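What you see is a predicted model; the values in this text were computed from it and never measured. Below, all heavy atoms of this structure are taken into account, side chains as well, without hydrogens, waters or symmetry copies.
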Amino acid sequence: MHSLSALIFDVDGTLAETERDGHRVAFNQAFAAAGLDWHWSIEDYGQLLSISGGKERIRHFIEQAHPGFAPPTHFQDLTQFIARLHQAKSGFYKQAIATIPLRPGVHRLIQEARTAGLRLAIATTSHLHSVIPLLETRLGLDSPQWFDVIAAGDVVPHKKPAPDIYDYVLAKLQLPPDACLVLEDTHHGLIAATQANLKTIVTVNDYTRGQDFDQALAVLTHLGEPDMPCEVIAGKLATKALCRESLSISMLQKLWQQLEC
């Protein structure tokens, strides 16, 4: 097994609680701006998260809740209407992210990884136009340059739980799967990473806490801060001793040594 060389981060729900307080709010604003009386509650959006991708989520909602819906006549078809609606949503999302903090331990772990010489990558179904503003707002204007690969949106044909996005990142990094660790927050993300032969640590949130994470190395409440210890919920390995305070690069390197044995 190779030494730990790279961390690959999901974005929504992993770096920040963007789903509930960012994307959901932006979708509702886009609906209102388009003159639609659609509204996704927190509970509604939790169910819609089983569909990966914003445009796919809108289409699923229309098919299920408004099967007879026809877009305004100035649109060529439903696909064009959905794309325009999603574009408007992206604009509202950029405004929303200014109020959304990173999850505990995210900034710290990324900085530790940079100091230790580990490479960084992102693998997300969100559009690049949603990812970059979050990074610049919360990590710094130069932070997108910290990541060797930012794989986002429609860069691959199939979204999570398909492994395409992770296969793409591995090819760009030119690293084997056993040299990389994934940070995810959903069952779909975990399945996608696992199918790409990647090992994964999951940090749950209110939307994903009850999902199946049996294939994860560890399931944590969050990454932890010195004054906010993370809690180990489950996992394949006895990681409790490694996470008494917060998940650190040194702890991950110890974990990698355990995996080599």
Exercise for the section: Kindly determine whether Lys94 and Ser130 satisfy side chain to side chain contact (heavy atoms under 4.5 Å, CB included), including the steps that lead there. Expected result: CA-CA 7 Å; Lys94 290 178 183 178; Ser130 296; over 6 Å; no
Handout entry: Residues in side-chain contact (heavy atoms from CB on, under 4.5 Å) contact with Asp37, at least two apart in sequence or another chain
Key = none
Practice task
Assess Lys89 against Tyr93: is NZ or CZ under 6.0 Å from the centre of the six-membered ring, and within 45 degrees of the ring's axis?
Solution key: yes
Practice task
Show your reasoning for whether side chain to side chain contact (heavy atoms under 4.5 Å, CB included) applies to His188 and Lys159.
Solution key: CA-CA 9 Å; His188 277 180; Lys159 296 185 177 181; over 6 Å; no
Report all side-chain donor-acceptor pairs from residues 167-176 shorter than 3.5 Å, counting only partners two or more places apart or in another chain.
none

Exercise for the section: Give the cluster check for Leu252 versus Val182: same hydrophobic cluster or not, with ILVMFWY residues linked at side-chain heavy-atom distances below 4.5 Å. Expected result: no
Handout entry: Partners passing ring pair (Phe, Tyr, Trp, His ring centres under 6.0 Å) against Phe213 (at least two apart in sequence or in another chain)
Key = none
Exercise for the section: Decide whether Leu247 and Trp256 are clustered together by the hydrophobic rule: side chain heavy atoms of Ile, Leu, Val, Met, Phe, Trp, Tyr closer than 4.5 Å, transitively. Expected result: yes
Practice task
Quick one: name the residues clustered hydrophobically with Ile100, using the 4.5 Å side-chain heavy-atom rule over I, L, V, M, F, W, Y, and just say none if it's on its own.
Solution key: none
Problem - Residues which pass side-chain contact (heavy atoms from CB on, under 4.5 Å) with Thr221, listed by chain and number, not counting sequence neighbours - result: Arg209, Cys230, Glu231, Ile233
Practice task
Quick one: closest heavy-atom pair of Ala162 and Ala192, and the distance?
Solution key: O-CB, 3.3 Å
Handout entry: Non-hydrogen atoms of Pro163 and Ala196 that approach each other most closely
Key = CB-N, 3.9 Å
Problem - Members besides Val25 in its Ile/Leu/Val/Met/Phe/Trp/Tyr cluster (side-chain heavy atoms under 4.5 Å) - result: none
Exercise for the section: Evaluate the side-chain proximity of Arg57 to His86: yes if any heavy-atom separation is below 4.5 Å, no if none is. Expected result: no
Practice task
Please tell me if the side chains of Gln211 and Val204 come closer than 4.5 Å, counting only heavy atoms from C-beta onward.
Solution key: no
Problem - Flag side-chain contact, heavy atom, 4.5 Å: Leu220 against Ile201 - result: yes
Problem - Distance in Å, Thr79 OG1 paired with Arg84 CZ, rounded so as to fall on 0.5 Å steps - result: 13.0 Å
Practice task
Give a yes or no on whether Leu181 and Leu15 share a hydrophobic cluster (residues Ile, Leu, Val, Met, Phe, Trp, Tyr; joining criterion: side-chain heavy atoms under 4.5 Å apart).
Solution key: yes
Exercise for the section: Ignoring hydrogens and angles, tell me if any N or O in the side chain of Thr137 forms a donor-acceptor pair with the backbone of Leu134 under 3.5 Å. Expected result: no
Handout entry: From Glu19 atom CD to Asp206 atom CG, the distance as rounded to the nearest 0.5 Å
Key = 12.5 Å
Problem - From CG (Asn205) to CD (Glu17), nearest 0.5 Å - result: 4.5 Å
Problem - Interatomic spacing from CG in Leu141 to OG in Ser143 - rounded to 0.5 Å - result: 7.5 Å
Exercise for the section: Return yes if some donor-acceptor pair links the side-chain N/O of His187 with the main-chain N/O of Asp212 below 3.5 Å, else return no. Expected result: yes
Fill in the blank from the handout: d(Ile8 CD1, Lys199 NZ) to nearest 0.5 Å is 12.0 Å
Completion exercise
Separation between CG (Leu120) and CD (Gln145), nearest 0.5 Å, reads 13.0 Å
Practice task
Would you mind reporting whether Leu198 and Cys180 have side-chain heavy atoms less than 4.5 Å apart?
Solution key: yes
Problem - For Leu118, side-chain contact (heavy atoms from CB on, under 4.5 Å) partners two or more places apart - result: Leu4, Leu7, Ala113, Ala116, Ile249, Gln253
Problem - Connected-component partners of Leu49 among ILVMFWY, side-chain separation under 4.5 Å - result: Phe27, Phe31, Leu36, Trp38, Trp40, Ile42, Tyr45, Leu48, Ile58, Phe61, Ile62, Phe69, Phe75, Leu78, Phe81, Ile82, Leu85, Tyr207
Handout entry: Partner set under side chain to side chain donor-acceptor pair (under 3.5 Å) for Lys160, not counting sequence neighbours
Key = Asp10, Glu184
Practice task
Indicate the atoms forming the closest heavy-atom contact of Ala216 with Val219, along with that distance.
Solution key: CB-CG2, 4.0 Å
Problem - Distance-only polar pair, side chains of His127 and Lys55, donor-acceptor under 3.5 Å - result: no
Handout entry: Donor-acceptor contact below 3.5 Å, side chain Thr124 vs main chain Ile122
Key = no
Exercise for the section: Identify the two heavy atoms, one from Tyr166 and one from Ala123, that lie closest to each other, and give their separation to 0.1 Å. Expected result: CE2-CB, 3.5 Å
Completion exercise
Applied to residues 101-113, the side-chain hydrogen bond (donor to acceptor under 3.5 Å, both in side chains) test, sequence neighbours excluded, yields Arg103-Thr203, Arg108-Glu112, Gln111-Arg114
Practice task
Could you state whether Phe92 and Val131 fall into the same hydrophobic cluster, counting links through intermediate Ile, Leu, Val, Met, Phe, Trp or Tyr residues with side-chain heavy atoms under 4.5 angstrom apart?
Solution key: no
Handout entry: Test item: His60 and Glu56 side chains (from C-beta on) under 4.5 Å apart, heavy atoms
Key = no
Problem - Sequence-distant partners of Thr115, side-chain contact (heavy atoms from CB on, under 4.5 Å), two or more places apart - result: none
Handout entry: Beyond-backbone contact of Ile132 with Ile150, side-chain heavy atoms, under 4.5 angstrom
Key = yes
Problem - Side-chain (Thr194) to main-chain (Leu190) donor-acceptor, under 3.5 angstrom - result: yes
Exercise for the section: Look only at the side chain of Arg138 and the backbone of Ala16, and say whether a donor-acceptor pair between them is shorter than 3.5 Å. Expected result: no
Problem - Validation row: Thr200, Leu183 side chains within 4.5 angstrom (heavy atoms) - result: no
Practice task
Please determine, by modelled atom types, if His158 and Asp164 share a side-chain donor-acceptor pair under 3.5 angstrom.
Solution key: yes
Handout entry: Hphob cluster co-occupancy, Phe9 + Ile165, side-chain heavy atoms under 4.5 angstrom
Key = no
Problem - Residue list, side chain to side chain donor-acceptor pair (under 3.5 Å) with Gln195, at least two apart or on another chain - result: none
